[in-house]
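Shown below is the structure under consideration.
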Amino acid sequence: QVQLVESGGGLVQAGGSLRLSCAASRQTYRSSVMAWFRQAPGLEREFVAAIAWSDGTTVYADSIQGRFTISRDSSKNTITLQMNSLKYEDTAVYYCAAGPRFGLPSRKIGTYNGWGQGTQVTVSS
């Protein structure tokens, strides 16, 4: 039932910033989690960051190294991924995902049952 739409992708030079947004077509329950995954050409989809809708608890991939910040806006039913100090290796299609909450937000792709179609982020060297 949940439909997710990503936006904000584009082309940026290394060291620059982008802000991705994900809007849900229906209300997100407080017990749910929303997350960002990414998939680079030739690689499998990997976890980036997640946030619990109810209390804002966040979990990040180690590879982010403090450069990205995930946040939520309950009034708009959206989540945002602020990406700073972008690197060439950040180039990927970024996907928004939604799923149930089981304690801390999950890094596992199998936890999520709703997916957007993705938005392309390209970082030039």
Side-chain angles (χ1 to χ4, degrees):
Q1 292 181 326
V2 175
Q3 294 182 329
L4 305 172
V5 180
E6 303 96 335
S7 63
L11 175 64
V12 64
Q13 291 185 330
S17 299
L18 281 175
R19 177 173 291 185
L20 306 183
S21 295
C22 175
S25 61
R26 53 174 272 175
Q27 290 183 319
T28 301
Y29 296 106
R30 294 181 178 180
S31 60
S32 67
V33 173
M34 298 187 73
W36 290 97
F37 288 76
R38 67 186 183 185
Q39 187 167 23
L43 301 178
E44 61 185 14
R45 195 168 298 184
E46 67 172 347
F47 173 79
V48 177
I51 185 167
W53 196 258
S54 60
D55 60 10
T57 300
T58 58
V59 174
Y60 293 94
D62 293 339
S63 61
I64 299 304
Q65 298 180 340
R67 298 179 297 116
F68 295 2
T69 302
I70 188 170
S71 61
R72 75 203 196 284
D73 187 334
S74 59
S75 65
K76 300 179 180 179
N77 202 34
T78 61
I79 59 167
T80 298
L81 185 68
Q82 177 65 47
M83 305 186 294
N84 299 323
S85 301
L86 283 163
K87 304 175 181 179
Y88 176 77
E89 50 265 41
D90 294 319
T91 296
V93 177
Y94 283 70
Y95 296 91
C96 182
R101 182 180 186 180
F102 303 103
L104 291 174
S106 177
R107 293 181 171 89
K108 299 180 179 179
I109 190 170
T111 302
Y112 299 90
N113 51 26
W115 293 88
Q117 290 188 308
T119 184
Q120 177 70 48
V121 172
T122 303
V123 183
S124 62
S125 60

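We use all heavy atoms of the structure for the numbers below, so side chains are in, but hydrogens, waters and symmetry mates are not.
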Pairs under 3.5 angstrom only: tabulate donor-acceptor contacts from the side chains of residues 56-63 to other protein residues two or more places apart or in another chain.
unit_1 : atom_1 : unit_2 : atom_2 : d
T57    : OG1    : D55    : OD1    : 2.9
T57    : OG1    : D55    : OD2    : 3.3
Y60    : OH     : I70    : N      : 2.9

Item to check | Main-chain N/O of Q117 paired to E6 side chain as donor or acceptor, under 3.5 Å | outcome: yes
Next on the checklist: Can you pull out every salt bridge (charged side-chain N to carboxylate O under 4.0 Å, His left out) where at least one residue sits in residues 107-125? Sequence neighbours excluded, please.
Outcome noted: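 Every candidate salt bridge (charged side-chain N to carboxylate O under 4.0 Å, His left out) pair involving residues 107-125 fails, so no pair, neighbours aside, qualifies.
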Checklist outcome for this item: In this structure, OG of S74 is separated from CD1 of I79 (nearest 0.5 Å) by 13.5 Å
Checklist entry - Is there any salt bridge (charged side-chain N to carboxylate O under 4.0 Å, His left out) pair reaching into residues 81-95, and which pairs are they, with sequence neighbours excluded? => result R38-D90, R67-D90
Checklist entry - Between E46 and I109, is a side-chain contact (heavy atoms from CB on, under 4.5 Å) present by the stated rule, with each step listed? => result CA-CA 8 Å; E46 67 172 347; I109 190 170; over 6 Å; no
Next on the checklist: Considering only residues two or more places apart or on different chains, which pairs with a residue in residues 62-88 satisfy ring-ring contact (aromatic ring centres under 6.0 Å, His included)?
Outcome noted: none
Next on the checklist: Within this structure, what is the CG-OG1 distance for the pair D73 and T78, rounded to the nearest 0.5 Å?
Outcome noted: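 Going from the CG atom of D73 to the OG1 atom of T78 covers 4.5 Å.
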Checklist entry - Which atoms form the tightest heavy-atom contact between S106 and T111, and what is the distance? => result OG-OG1, 2.9 Å
With a 3.5 Å cut-off and sequence neighbours excluded, list the donor-acceptor pairs that the side chains of residues 14-24 form with protein atoms.
unit_1 : atom_1 : unit_2 : atom_2 : d
S17    : OG     : N84    : OD1    : 2.9
R19    : NE     : Q82    : OE1    : 2.5
R19    : NH2    : Q82    : OE1    : 2.9

Checklist entry - Got a donor-acceptor contact below 3.5 angstrom from the T91 side chain to the V123 backbone? => result yes
Next on the checklist: Would W53 and R101 count as a side-chain contact (heavy atoms from CB on, under 4.5 Å) here? Give the steps.
Outcome noted: CA-CA 9 Å; W53 196 258; R101 182 180 186 180; over 6 Å; no
Checklist entry - Got a sec, which pairs hit ring-ring contact (aromatic ring centres under 6.0 Å, His included) with one end in residues 105-125, sequence neighbours left out? => result F37-Y112, F37-W115
